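Treat the numbers as computed from the prediction; the structure is a model and nothing was measured. Start at 1 and go down the list; that is how both ligands and their atoms are numbered.
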Amino acid sequence: MIWTDDPTRLLLVAGLGASYGLVCLMPWLRHRRKRRAALRAKAEAAASASPGWIVAYASQTGNAEALAQQTLATLRLAGIAAQLSELSELDADDLRRAERILFLVSTYGEGDAPDAAAAFASRLMTTELPLAQLHYAVLALGDSAYGQFCGFGRALDAWLAARGAQSLFPRIEVDRSADAAIALWRQQLSHLAGTSDAPDWSAPAFEDWRLSARVALNPGSAGAPVYHLELTPPGGVLPDWQSGDLVQIAAPAEPSRPREYSIASIPADGGVHLLVRLHSHEDGGHGVASGWLTRQAEPGQTVRLRLRQHRRFRLEDNAGRPLILIGNGSGIAGLRGHLRARALAGQGRNWLLFGERNAEHDFHYRDELTALHQAGRLDLDLAWSRDGGAARYVQDLLPVRADKLRAWVAEGAAIYVCGSLEGMAAGVDGALEQILGRARLDTLVTEKRYQRDVY
Ligand SMILES: Cc1cc2nc3c(=O)[nH]c(=O)nc-3n(C[C@H](O)[C@H](O)[C@H](O)COP(=O)(O)OP(=O)(O)OC[C@H]3O[C@@H](n4cnc5c(N)ncnc54)[C@H](O)[C@@H]3O)c2cc1C
Ligand SMILES: Cc1cc2nc3c(=O)[nH]c(=O)nc-3n(C[C@H](O)[C@H](O)[C@H](O)COP(=O)(O)O)c2cc1C
């Protein structure tokens, strides 16, 4: 009998053969498992090292931020992994690692970066970081009425190019939110993302609100007339907004160039309150929007208006902190909005430092503010530039109150500044720097505890 005829033997041999095969296969299987694990780890490492596309924005009043959000939505709709980041959140490592960044940045001051991006501009854009791996595009927002049109967007683009980064397409400049430039960005984006399926980018429409009341706040003042306006929404249905937000008003003579105003009320007030100063030109003519709102439009008449979120000036995470509110002139509008939100929430640690011309004529909302002060819910410091007191301007109040300011900031206070860019904002910033130091002030900006609505 040959051995293959014996089933027991056959099984034994087969079993031995299989075991032998298995023993021979084991190292290969182990090697394959290891290789797979290594490949998986490598893929995971690569994925975390390359975060896909970054949409980075620097925005003061929210235009660039809104466009950044729409840009992100378009990329995601096309199946592209992308993350949204404020420019200030990016550090040198992020830039060195990133392969594609879309920058949407506006310009403030005189050709400067928006507040939140000032540290990025001063710390990173002064370095010689090698960025040859980076592909980027810049959407620069600005207003050609300013000397340094799109100054920050241009500086950022020039710095990236000098660092060896490669632009995906030439910088697009948006003059006063011009639709054509935004459409071009959207078109380039669709092309890059390989999609024609972009979400709707249209800005919210203007609506017909009603001017329900107008009161002159400073009769007899040496300064330009200031008015308190109340507006009610179409159909009486109040939309939602938060203190710190803005409205845009389209005056009939210039509907395509709306003007911005800080909202001085909260929804619980039943309408949008504005404080509008009549703007006059050297030839004696009045400003288009302020002239129309304060002189031409009659109570009962329609005003074309839309609300704008102003995230950089909202309370948000600062709602639980003590508030230091600093402003001058029409800047009381944005600060009053916050005070009304605080009163509604029952929060009483508020300190207002305010400057105007004469106590007699220019103490806007005097009754309201003194009532809060007397109720112990508002610390009040006032500077009257024409009354001959020790402090002429609001910034002069700060050195006198330096110890209190340091103490409030140490206790976690947030600082909100509203009003004139010229004179006031720089003066206040300088005084805060003297008291707190630039590094501390920069940290407060990063922590969103130093917020400005200045114009
Ligand atoms: C964030 C922000 C908040 C503001 N809050 C207040 C407020 O609470 N109260 C207040 O009284 N004022 C506020 N202003 C100023 C206000 O927007 C107007 O600039 C002011 O009322 C003068 O406008 P005007 O049309 O009367 O004057 P105009 O002289 O007709 O215009 C003023 C200037 O704006 C220029 N301009 C032209 N088109 C535009 C445009 N589309 N957008 C902006 N400027 C343009 C003009 O060239 C001119 O130099 C704020 C401005 C900003 C940016
Ligand atoms: C106080 C102030 C200063 C500005 N300075 C400039 C400037 O120097 N150059 C410019 O091109 N645009 C300037 N602008 C226009 C803004 O860049 C423009 O309104 C932009 O759309 C704002 O976008 P944002 O809402 O994202 O900040 C300025 C606007 C304001 C209110």
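Of the protein's heavy atoms, T107 O, 2.7 Å lies nearest to atom 17 (O) of ligand 2. From the protein, the heavy atom lying nearest to atom 2 (C) of ligand 2 is Y146 OH, 3.3 Å. Among all protein heavy atoms, the one lying closest to atom 31 (C) of ligand 2 is Y108 CE2, 3.5 Å. Ranking the protein heavy atoms by distance from atom 12 (N) of ligand 2 puts D143 N, 3.1 Å first. For atom 22 (C) of ligand 2, the nearest protein heavy atom (residue, atom name, distance) is N63 ND2, 3.6 Å. Atom 11 (O) of ligand 2 has its closest protein heavy atom at C150 N, 2.7 Å. Taking atom 23 (O) of ligand 2 as the reference point, the nearest protein heavy-atom neighbour is S106 CB, 3.3 Å. Looking at atom 5 (N) of ligand 2, its nearest protein heavy atom turns out to be G109 O, 2.9 Å.
Distances from atom 7 (C) of ligand 1 to the protein include at least one heavy-atom value under 4.0 Å. Distance remark: protein heavy atom not present below 4.0 angstrom from atom 33 (C) of ligand 1. By the definition of a contact as any protein heavy atom under 4.0 Å away, atom 47 (O) of ligand 1 is not in contact.
Residues that satisfy the side chain to side chain donor-acceptor pair (under 3.5 Å) test with W408, not counting sequence neighbours, are absent from this structure. Here R340 pairs with D269, E368 under the side chain to side chain donor-acceptor pair (under 3.5 Å) rule; sequence neighbours left out.
A donor-acceptor contact under 3.5 angstrom links the side chains of H364 and E356, judged on distance only. For the 3.5 Å distance criterion, the side chains of D157 and Y136 qualify, holding a donor opposite an acceptor. A donor and an acceptor atom, one from each side chain of N218 and R357, are nowhere located under 3.5 Å apart. There is no side-chain donor-acceptor pair under 3.5 Å between H310 and T61. Looking at T126 and W159, their side chains never bring a donor and an acceptor atom within 3.5 Å of each other. Of the N and O atoms on the side chains of Y450 and D429, at least one donor lies less than 3.5 Å from an acceptor on the other residue. Of the N and O atoms on the side chains of D381 and W351, at least one donor lies less than 3.5 Å from an acceptor on the other residue.
When heavy-atom distances to ligand 1 are checked against a 4.0 Å cut-off, L275 comes that close only through its backbone atoms N, CA, C and O. Counting heavy atoms closer than 4.0 Å to ligand 1, residue H286 contributes nothing at all. Both the backbone and the side chain of R257 come within contact range of ligand 1, each with a heavy atom under 4.0 Å.
Of all the atoms in ligand 1, the ones that sit under 4.0 Å from a non-hydrogen atom of V276 are 11 (O). Annotation for ligand 2: atoms under 4.0 Å from non-hydrogen atoms of G111 are 7 (C), 8 (O). Per-residue contacts place S59 under 4.0 angstrom from the following atoms of ligand 2 (heavy atoms of the residue considered): 24 (P), 25 (O), 26 (O), 27 (O). Within ligand 1, the atoms closer than 4.0 Å to a non-hydrogen atom of V288 are 24 (P), 25 (O), 26 (O), 27 (O), 28 (P), 30 (O), numbered from 1 in the order shown. Each of the atoms 7 (C), 8 (O), 9 (N), 10 (C), 11 (O) of ligand 2 lies under 4.0 Å from some heavy atom of Q148. Remark: ligand 2 atoms within the under-4.0 Å shell around heavy atoms of Y455 are 1 (C). If you number the atoms of ligand 1 from 1 as listed, the ones under 4.0 Å from a heavy atom of P258 come out as 40 (C), 41 (N), 42 (N). Near H281, meaning under 4.0 Å from one of its heavy atoms, ligand 1 places the atoms 28 (P), 29 (O). The contact set between ligand 2 and T61, taken as ligand atoms under 4.0 Å from a residue heavy atom, comprises 24 (P), 25 (O), 27 (O). Set against the non-hydrogen atoms of V454, the atoms of ligand 2 under 4.0 Å away are 1 (C).
The shortest N or O to N or O distance between A64 and ligand 2 is under 3.5 Å. Of the N or O atoms in E110, none lie within a sub-3.5 Å distance of an N or O in ligand 2. Between Q60 and ligand 2, a contact under 3.5 Å exists for at least one N or O pair. For L421, no nitrogen or oxygen atom sits less than 3.5 Å from a nitrogen or oxygen atom of ligand 2, counting backbone and side chain alike. Checked against a 3.5 angstrom limit, the closest N/O atoms of A289 and ligand 1 fall inside it. At under 3.5 Å, not a single nitrogen or oxygen of F149, backbone or side chain, sits near a nitrogen or oxygen of ligand 2. Residue A58 has no N or O atom closer than 3.5 Å to an N or O atom of ligand 2. When only interatomic distances are considered, the shortest N/O to N/O separation between E260 and ligand 1 falls below 3.5 Å. Residue-to-ligand polar distances place S290 within reach of ligand 1: an N/O pair is separated by less than 3.5 Å.
Both the sub-6.0 Å distance and the 45° axial angle are satisfied by R336 relative to the ring of Y365.
Applying side-chain contact (heavy atoms from CB on, under 4.5 Å) to Y261 and the options L275, V272, L293 leaves one that passes, L293.
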- Message: Could you go through R312 and E86, starting from their C-alpha distance and side-chain angles, then the distance that decides it, and tell me whether this counts as salt bridge (Lys or Arg N to Asp or Glu O under 4.0 Å)?
- Response: CA-CA 11 Å; R312 279 210 64 78; E86 244 193 297; 3.6 Å; yes
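Residue L67 places every heavy atom at 4.0 Å or more from ligand 2. The shortest heavy-atom distance from P114 to ligand 2 is not under 4.0 Å.
The closest heavy-atom contact to atom 39 (C) of ligand 1, among the options R277, R259, R452, comes from R259. Looking at F313, Y261, W292, it is Y261 that brings a heavy atom closest to atom 20 (C) of ligand 1.
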